Amino acid sequence: QSVLTQPPSVSGAPGQRVTISCTGNSSNIGTIYDVHWYQHLPGTAPKLLIYHNSNRPSGVPDRFSASKSGTSASLAISGLQAEDEADYYCQAYETSLSGEVVFGGGTKLTVL
Amino acid sequence: QLQLQESGPGLVKPSETLSLTCTVSGASISSGTYYWSWIRQSPGKGLEWLGSIEYRGNTYYNPSLNSRFTLSVDTSKNQFSLKVKSVTAADTAVYYCVRQEQWNLDFPFDYWGQGTLVTVSS
């Protein structure tokens, strides 16, 4: 059971907009530390999609956006394309215990 | 371009020790303030951070795991390694070696190896 909660699956038709939530608590997302997002295509290594809450690495289309508020974060994908079908993970820093990296359980995006 | 490549056995017997090595190319493991880390994904499950090490040898482990995991670094070979003692079927997973941007566990993982599947079975 993951510390960060994501919906197991979301879906949308090409061209539509979908959002993926990542819910934590006051010891992880609700702290000063940032949330990061990864896209994981089958058979490949996960790829950094969004860093420090809302920043896109070079090469990531501006169709991808993200934000953080309180103890939650969200990833939005607009203008959905077939190639966006993948698993998406959020990452945060857990300040309880001695500090650790935590991930959400992942969300499978299906493009209908 | 920085590249990370995992190597190690694809099959390990229960109760034995799993050893994986990550070879870094395109940059020196000793340059910059990066954590070199291991993340795994068990079949049908999400990502799990195992631990991180920096070139001076300081280590950080997932406190939610037991003490079976050990990280080490060999700067002369530009490699870092993971050992998992007394493996069970629950350790079957794809293991990724990754770089974390700064000497801060709250930073993102910006470079990933392709991953290596390790199966624990007799």
Side-chain angles (χ1 to χ4, degrees), chain A residues 1-9 22 24 27-60 66 68 73 87-108, chain B residues 1-6 20 22-24 34-54 58-67 69 71 82 90 93-117:
Chain A
Q1 196 162 345
S2 302
V3 173
L4 307 178
T5 301
Q6 296 181 235
S9 64
C22 175
S27 64
N28 43 64
I29 294 180
T31 66
I32 61 171
Y33 300 105
D34 295 333
V35 175
H36 317 295
W37 292 89
Y38 299 87
Q39 179 189 59
H40 191 191
L41 296 165
T44 69
K47 166 189 163 185
L48 180 62
L49 191 67
I50 298 284
Y51 64 97
H52 296 306
N53 299 327
S54 59
N55 297 280
R56 288 185 307 276
S58 173
V60 173
K68 170 187 155 180
D87 294 324
Y88 292 84
Y89 293 91
C90 57
Q91 173 209 334
Y93 179 63
E94 173 64 46
T95 59
S96 63
L97 296 176
S98 55
E100 64 179 290
V101 178
V102 291
F103 289 97
T107 298
K108 169 68 177 176
Chain B
Q1 174 77 346
L2 184 72
Q3 291 187 325
L4 292 82
Q5 180 65 58
E6 305 88 351
L20 295 175
C22 182
T23 300
V24 178
Y34 304 110
Y35 281 156
W36 304 95
S37 310
W38 291 92
I39 290 169
R40 71 180 179 183
Q41 183 174 32
S42 301
K45 298 198 174 179
L47 302 173
E48 180 179 40
W49 171 70
L50 304 179
S52 298
I53 188 169
E54 42 101 335
N58 293 317
T59 52
Y60 306 88
Y61 295 102
N62 185 332
S64 301
L65 299 175
N66 53 39
S67 56
F69 298 79
L71 268 64
L82 169 73
V94 175
Y95 287 77
Y96 296 98
C97 60
V98 295
R99 188 184 82 166
Q100 195 165 20
E101 274 191 5
Q102 291 285 331
W103 284 351
N104 288 292
L105 291 180
D106 60 298
F107 270 60
F109 298 101
D110 57 353
Y111 285 90
W112 295 65
Q114 282 301 299
T116 186
L117 173 62

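Keep in mind it's a predicted model, so treat the numbers as computed, not measured. Below, chain A is the first sequence line, B the second, and so on; all start at residue 1.
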query = What pairs with B:Phe69 under ring pair (Phe, Tyr, Trp, His ring centres under 6.0 Å), at least two apart in sequence or on another chain?
reply = none

note = Honestly, the part of B:Phe107 sitting under 4.5 Å from a heavy atom of chain A is both

key: Top of B:Gly46, B:Ser37, B:Gly51, B:Ser52 for chain A proximity - count of heavy-atom pairs under 4.5 angstrom   = B:Gly46

message = Let's go through A:Tyr93 and A:His36 carefully: what are the C-alpha distance in whole Å and the side-chain angles of both, what is the deciding distance for side chain to side chain contact (heavy atoms under 4.5 Å, CB included) to 0.1 Å, and is it a yes or a no?
response = CA-CA 10 Å; A:Tyr93 179 63; A:His36 317 295; over 6 Å; no

ask   = Testing A:Ile29, A:Asn28, A:Thr5 for side chain to side chain contact (heavy atoms under 4.5 Å, CB included) with A:Cys22, which one passes?
value = A:Ile29

message = If we define contacts as heavy-atom pairs under 4.5 Å, which of A:Tyr33, A:Tyr38, A:Tyr51, A:Trp37 has the most with chain B?
response = A:Tyr38

ask   = CD1/A:Ile50 to CG/A:Asn55 distance, rounded to the nearest 0.5 angstrom?
value = 7.5 Å

note = Of the listed B:Tyr96, B:Phe109, B:Tyr60, the one with the largest count of heavy-atom pairs under 4.5 Å with chain A is B:Phe109

